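One structure is given below, encoded as structure tokens.
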Number of protein chains: 2
Amino acid sequence: MNNDVTLVSDLGEHNLKEDDDSPSLVDEVYQKLLLRIIRCELPGGTELKSTQLARELSVSRTPVVQALARLQADGIVIQQKNHRAVVREGAENWLVEIHELRLLLEPSAAAMAAQRITEAELTELQMQAADVKTCQQQYEAGDRSSAHLQKWSTASRSFDYALHLAIADYCGNLPISEAIHKCWSYKRVSYSAAEETPEIMTRGLYDHTVLLDSLKNRDSETASVAMAMHLRNASRMRPDRLIV
Amino acid sequence: MNNDVTLVSDLGEHNLKEDDDSPSLVDEVYQKLLLRIIRCELPGGTELKSTQLARELSVSRTPVVQALARLQADGIVIQQKNHRAVVREGAENWLVEIHELRLLLEPSAAAMAAQRITEAELTELQMQAADVKTCQQQYEAGDRSSAHLQKWSTASRSFDYALHLAIADYCGNLPISEAIHKCWSYKRVSYSAAEETPEIMTRGLYDHTVLLDSLKNRDSETASVAMAMHLRNASRMRPDRLIV
DNA sequence: GACACCTAAAGTGTATTCACTTTCAAGAAA
DNA sequence: TTTCTTGAAAGTGAATACACTTTAGGTGTC
């Protein structure tokens with residue numbers, strides 16, 4: 001059984017806590033199951049038995065049961081009392097559909113955040129944007145090596161993540177913020193399989209710059225439209241439509 | 001300690017399963033905690049200790065830990081590894097903010113459902129609407145007794161629930177559907193404290209009729225607007241803004 | 001008084017255990 | 001053959017056990 005690969009790369013809180021290192025077993029199991037479902041290795045209808053999974057993953061049943069409960073709360077898995085958990089039919093398209101959900105949430109969140117985000121946060125984000133730009137120029141001006149591309153890609157993702165989550169955090173509505181965070185946690189799981197091309201990253205940086213400017217100008221209308229445009233671009237530029 | 005009131009009234013699946021009766025302890029604990037948080041009996045910052053809660057609720061720690069994990073997944077509670085769970089600051093406005101979230105989700109869901117809902121489901125819903133109308137007329141034509149009002153209120157809620165969840169189910173996007181279901185599960189928890197007035201119910205039935213007609217006509221645009229209007233009305237007619 | 005250090009009590013994560021429920025395949029009855 | 005019965009195997013919900021971590025309240029030192 002070769003599914004005990006360490007999938008738990010960089011989970012955990014995205015804040016400044018440095019003491020809490022190892023993720024709990026529940027987190028690990030949850031991540032592994034989620035990844036396998038999203039990758040269709042566990043298609044809709046598959047039965048997930050806590051006893052069997054515990055054996056396979058070499059943990060006790062307790063964390064597996066908790067991970068399954070979390071998947072059920074997400075709606076990815078269904079479990080009736082005293083019955084086995086079942087992967088929900090249609091869970092294969094989860095990531096694509098999550099992108100549609102983001103299209104409903106994030107433009108409004110951006111509009112709301114434009115009125116509430118702090119100047120400090122804005123300057124922090126602008127610094128990150130500058131970093132990404134630097135990486136891009138190093139790549140283009142240099143030898144276009146894969147090392148430079150890698151660096152650019154990492155910076156690009158990091159900025160992407162920071163900007164979208166800052167918008168969620170400053171939108172002023174907890175459930176909306178939580179919903180967006182959840183979308184991004186799914187997206188994060190898929191990162192292991194995703195690929196960034198220079199075209200996508202260039203376009204992404206442009207979109208993000210427009211978005212950041214509209215936040216800076218406290219222009220909710222533009223922020224909302226910029227976000228909607230950005231999300232549509234992102235899905236348009238990925239013809240496989242599997243990882244968005 | 002008088003908090004061991006049975007709060008778990010009519011939880012469980014809203015489908016035709018009749019064999020599975022008693023809700024699990026996890027569900028009960030989750031419901032009780034959620035209700036107490038929404039009612040501000042457990043304000044933001046309160047520490048929720050699994051050991052202590054287990055003692056108070058006379059259950060073992062296992063279901064309490066799972067309920068807390070669920071609240072954490074919801075974003076209502078925060079818990080770092082090896083630390084106590086804490087009620088999130090700002091959780092008091094949860095229901096109001098959930099209503100704002102519905103305003104982002106349900107209009108689009110209605111538009112999507114207009115293209116996908118089945119005729120069978122539509123006729124079923126129309127029958128329920130007729131039932132509500134009958135109850136209303138019985139109340140108005142009769143002695144306006146509280147018994148008739150009660151019956152009307154029950155039918156009204158049942159129809160409300162059925163229509164909105166049908167729209168979620170037929171919107172064709174699993175995460176969006178799940179998000180809407182979750183909003184309604186919160187709303188359901190608050191039902192114990194909510195009050196329906198004849199004015200609200202009359203307006204609600206009208207809104208729902210318009211919505212249902214637009215679904216019947218496969219008119220996405222109208223369905224979306226009707227839903228948005230309905231949601232705005234609902235919050236406008238509740239000046240307390242606590243239970244929506 | 002303020003601050004570091006220590007220790008017992010409380011709390012958390014996870015494994016183990018057990019009673020009860022569901023599943024499923026083999027044998028009996030039609 | 002098909003359908004019903006049945007009992008063992010597998011699975012689930014929940015309590016308990018235990019090692020490890022955090023918390024809180026001294027005690028001593030400055």
Side-chain angles (χ1 to χ4, degrees), chain A residues 1 4 6-8 11-13 15-33 42 45-73 76-88, chain B residues 1 4 6-8 11-13 15-33 42 45-73 76-88:
Chain A
M1 211 145 297
D4 47 357
T6 299
L7 306 170
V8 185
L11 179 69
E13 287 63 35
N15 49 26
L16 316 177
K17 311 284 174 180
E18 72 282 1
D19 43 354
D20 183 26
D21 40 2
S22 69
S24 75
L25 285 186
V26 183
D27 287 325
E28 294 192 27
V29 174
Y30 172 80
Q31 293 273 333
K32 287 186 193 181
L33 290 178
L42 299 171
T46 307
E47 287 187 340
L48 301 178
K49 304 164 213 180
S50 64
T51 52
Q52 187 179 312
L53 289 169
R55 270 196 302 276
E56 289 180 17
L57 300 171
S58 308
V59 297
S60 87
R61 211 158 62 82
T62 310
V64 177
V65 168
Q66 289 191 50
L68 288 175
R70 224 153 106 186
L71 288 170
Q72 186 181 20
I76 298 179
V77 144
I78 291 179
Q79 179 166 33
Q80 289 183 308
K81 197 184 172 193
N82 287 323
H83 288 249
R84 300 159 179 168
V86 177
V87 177
R88 189 150 177 183
Chain B
M1 212 144 300
D4 47 358
T6 299
L7 306 170
V8 185
L11 179 68
E13 286 65 34
N15 49 27
L16 316 177
K17 311 284 176 180
E18 71 282 0
D19 44 354
D20 184 25
D21 39 3
S22 68
S24 75
L25 284 187
V26 182
D27 286 326
E28 294 192 27
V29 175
Y30 173 80
Q31 293 273 334
K32 287 186 193 183
L33 289 178
L42 299 171
T46 307
E47 287 188 341
L48 300 178
K49 305 164 212 180
S50 65
T51 52
Q52 186 178 312
L53 289 170
R55 270 196 303 278
E56 289 180 16
L57 301 173
S58 309
V59 297
S60 87
R61 212 158 62 80
T62 309
V64 177
V65 168
Q66 288 192 50
L68 287 176
R70 222 152 109 186
L71 287 170
Q72 187 181 21
I76 298 179
V77 144
I78 292 178
Q79 179 166 30
Q80 290 184 306
K81 197 186 173 190
N82 286 322
H83 288 249
R84 299 159 181 172
V86 177
V87 177
R88 189 148 175 184

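The analysis underlying the following values was restricted to heavy atoms, covering all of them including side chains, and did not include hydrogens, waters or symmetry mates. What you see is a predicted model, and the numbers here were worked out from it, not measured in a lab. So that the names make sense, note that chain A is the first sequence line, chain B the second, and so on, each numbered from 1.
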Subject >> Listed nucleotide nearest any side-chain atom of B:Q52, set C:dT14, C:dG13, C:dG11 >> reply: C:dG11

Original post:
Between C:dG13, D:dG11, C:dA15, which nucleotide gets closest to the side-chain atoms of A:S24?
Top reply: C:dG13

Original post:
So, does A:Q72 use its side chain to make a donor-acceptor pair with the main chain of A:V77 at under 3.5 Å?
Top reply: no

Given atom [atom1] of [X] and atom [atom2] of [N], what is their separation to the nearest angstrom?
X	N	atom1	atom2	value
B:Q79	C:dT12	CD	C1'	8 Å
A:R55	C:dT14	CZ	C1'	18 Å
B:L53	D:dA14	CG	P	16 Å
A:Q66	C:dT14	CD	C1'	9 Å
B:Q72	C:dG13	CD	C1'	13 Å
B:K49	D:dT21	NZ	P	21 Å
A:Y30	C:dT14	OH	P	16 Å
A:K81	D:dT12	NZ	P	14 Å

**OP:** Compare side-chain N and O positions of B:H83 against OP1 and OP2 of C:dG13 and report whether any pair is under 4.0 Å apart.
**Re:** no

Original post:
Can a side chain N or O of B:S50 be found less than 4.0 Å away from OP1 or OP2 on C:dG11?
Top reply: no

Original post:
Within a strict 4.5 Å, meaning less than it, do heavy atoms of the A:L33 and A:L53 side chains meet?
Top reply: yes

Subject >> 5' precedence on DNA chain C between A:T62 and A:R84 (nearest-nucleotide basis) >> reply: A:T62

Subject >> Upstream residue (5' side of DNA chain C) when A:S60 and B:L68 are each assigned their closest nucleotide >> reply: B:L68

**OP:** Quick one: pull up CD in B:Q66 and CG in B:L71 and give me the separation to the nearest 0.5 Å.
**Re:** 12.0 Å

**OP:** Working to the nearest 0.5 Å, report the span between CZ of B:R84 and CG of B:L48.
**Re:** 11.0 Å

Original post:
Toward the 5' end of DNA chain D, which comes first, B:P63 or B:E47, by nearest nucleotide?
Top reply: B:P63

Subject >> Ionic contact status for A:D27 with A:K32, cut-off 4.0 Å >> reply: no

**OP:** Would you classify A:T51 as touching base, sugar-phosphate or nothing, given that sugar-phosphate means primed atoms plus P, OP1 and OP2, and contacts are heavy atoms under 4.0 Å?
**Re:** base

**OP:** Give one of base, sugar-phosphate or nothing for A:V26, where a contact means two heavy atoms less than 4.0 Å apart.
**Re:** sugar-phosphate

